[in-house]
Novice: 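Take this structure first; my questions come after.
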Protein chains: 2
Amino acid sequence: MTEAVQTRPGGRSARVRAAVHRAVGDLLATESPEALTIPAVAARAGVHPTTVYRRWGSVAQLLADVATSRFSGDIVVPDSGTLAGDLERWMSDVATDLTDPDVLALMRATIGSGPEGGCACTVDRHDQLRAIIDRERARGGKVPDLERAIDTLLGPLYYRAIFSDQPASSAWARGLVATLLATM
Amino acid sequence: MTEAVQTRPGGRSARVRAAVHRAVGDLLATESPEALTIPAVAARAGVHPTTVYRRWGSVAQLLADVATSRFSGDIVVPDSGTLAGDLERWMSDVATDLTDPDVLALMRATIGSGPEGGCACTVDRHDQLRAIIDRERARGGKVPDLERAIDTLLGPLYYRAIFSDQPASSAWARGLVATLLATM
DNA sequence: ATGCTAACGCAGCGATGAGTGCGATAATTT
DNA sequence: AAATTATCGCACTCATCGCTGCGTTAGCAT
């Protein structure tokens, strides 16, 4: 008795999904956050509102889906041979990503949509950081605690992006790596 | 020709303002963030929707007003005599404040309402931190850079509150002070 | 090639949020 | 105490968001 809930991710469904995701990004980039309503997204995506209502249900779930897919697999974990090199390269990439105003708008909206919105933006970053640290440990090097790395590296970076009007340059972000490794 | 835009903050106006502010907090604490609409706030506050429309105009402006007033003057800047003591006491208070789920809900909603929502939650924190550092400088002690203090202290704290599911205990928050003063 | 069915589009309904003109109330001034 | 006017409540209109049957299209399997 195979109760396999069949899904069909190919062809039109994927096209619709992509169009809706792009529409969410476009609307957040141009309009006010309150304007992000399901009919508006559907119209922008060239899709019928009914489709969005049925597949995602609410704006919050839609945003969570868009955010997790946008913030996953977008940055490749570097392998420079040393922990410092890996971290600096990775932090530089993450900081550069946070330079984009559209990315910030998506993050803000996702955070505002529910209690778990913030996690959706950073789970993959945590996984990447863990991968970098694990690889250094496999090399036999001394590694910092993961939580401490998150606090020291991602904390200031995302704080500047969301709570401060300070720009977060990639050079400054690389500097955070030095602070972490110095106090290890 | 005095074009003074007269305002009258006494009596009923203040009462309405307080009721609306409390209603925003209550709704964010109980309902979903999308349920925070002006008619809902007005109903909860026992005030006519027209009043809210005229005084605040939009949910975003209302949230910004509530957030700035909620996150201003709520924590008294301590004066223990030493920089470390001041910072530890202050960080402990800030961390404790962030323990309240209702506070987090308000912060999330404010962030999601617009590009400057995050700043509304932290301007007063920055002022307080500046005051602490300035006082230590007046004492003649060695002081860290303000920006560096913001990055090291508030960064990890607010990151945990918004982006991570890690609890931010006040003891852990006090530990951040040690890291800052060690790398000064 | 054909059947099955998940996924989409269409038409339309009910509910409600956004906004306006006008009179009433109450805070502030003279 | 009386006048002034900022502020609020009421009644009402308009726009549109959320949602539901129903028929149609197009993946996926045999």
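Any value given below was found using the heavy atoms of this structure, including those in side chains, with hydrogens, waters and symmetry copies removed. Throughout, protein chains are lettered first and strands after them, A, B, ... in sequence-line order, and every chain is numbered starting at 1. What you are looking at is a predicted structure, and each value in this text was computed from that prediction instead of being measured.
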Novice: Using a distance-only criterion (donor-acceptor N/O pair, under 3.5 Å, no hydrogens), is the base of dG21(D) paired with the side chain of R54(A)?
Specialist: yes

Novice: Which residues satisfy the salt bridge (Lys or Arg N to Asp or Glu O under 4.0 Å) test with R108(A), sequence neighbours excluded?
Specialist: none

Novice: Below 3.5 Å between N/O atoms, which protein atoms pair up with nucleotides 11-18 of chain D? Just atom names and distances, please.
Specialist:
unit_1, atom_1, unit_2, atom_2, d
dC17(D), O5', T37(A), OG1, 3.2
dG18(D), OP2, T37(A), OG1, 3.3
dG18(D), OP2, Y53(A), OH, 2.8
dG18(D), O5', Y53(A), OH, 3.3

Novice: If you check every side-chain atom of T51(A), which of dC8(C), dG27(D), dT7(D) has the closest atom?
Specialist: dC8(C)

Novice: Could you work out which one of dA27(C), dT7(D), dA7(C) sits closest to the side chain of R15(B)?
Specialist: dA27(C)

Novice: Keeping to residues at least two apart or across chains, list the salt bridge (charged side-chain N to carboxylate O under 4.0 Å, His left out) pairs with something in residues 38-53 of chain B.
Specialist: D26(B)-R44(B)

Novice: Could you state the atom-to-atom distance from CH2 of W56(A) to C1' of dA7(C) in whole Å?
Specialist: 11 Å

Novice: Check side chain to side chain donor-acceptor pair (under 3.5 Å) between T50(A) and all other residues, then give those that pass, not counting sequence neighbours.
Specialist: H48(A)

Novice: Which residues satisfy the salt bridge (Lys or Arg N to Asp or Glu O under 4.0 Å) test with R22(B), sequence neighbours excluded?
Specialist: none

Novice: Distance under 6.0 Å and angle within 45° of the ring axis: does R17(A) meet both against W56(A)?
Specialist: no

Novice: Among all residues two or more places apart in sequence or in another chain, which pass the side chain to side chain contact (heavy atoms under 4.5 Å, CB included) test with P39(B)?
Specialist: T37(B), Y53(B)

Novice: Can you name the residues that form a side chain to side chain contact (heavy atoms under 4.5 Å, CB included) with R125(B), not counting sequence neighbours?
Specialist: F71(B), D74(B), I75(B), W90(B), V94(B), D97(B), Q128(B), L154(B), Y158(B)

Novice: Using rotation axes that map the C1' atoms of four end pairs onto the next four (five pairs an end), what angle separates the end axes of the helix from dA1(C)-dT30(D) to dT30(C)-dA1(D), to 10°?
Specialist: 50°

Novice: Whole angstroms only, please: what is the CG-C1' distance between L36(B) and dT16(C)?
Specialist: 16 Å

Novice: Residues in salt bridge (Lys or Arg N to Asp or Glu O under 4.0 Å) with E88(B), at least two apart?
Specialist: none

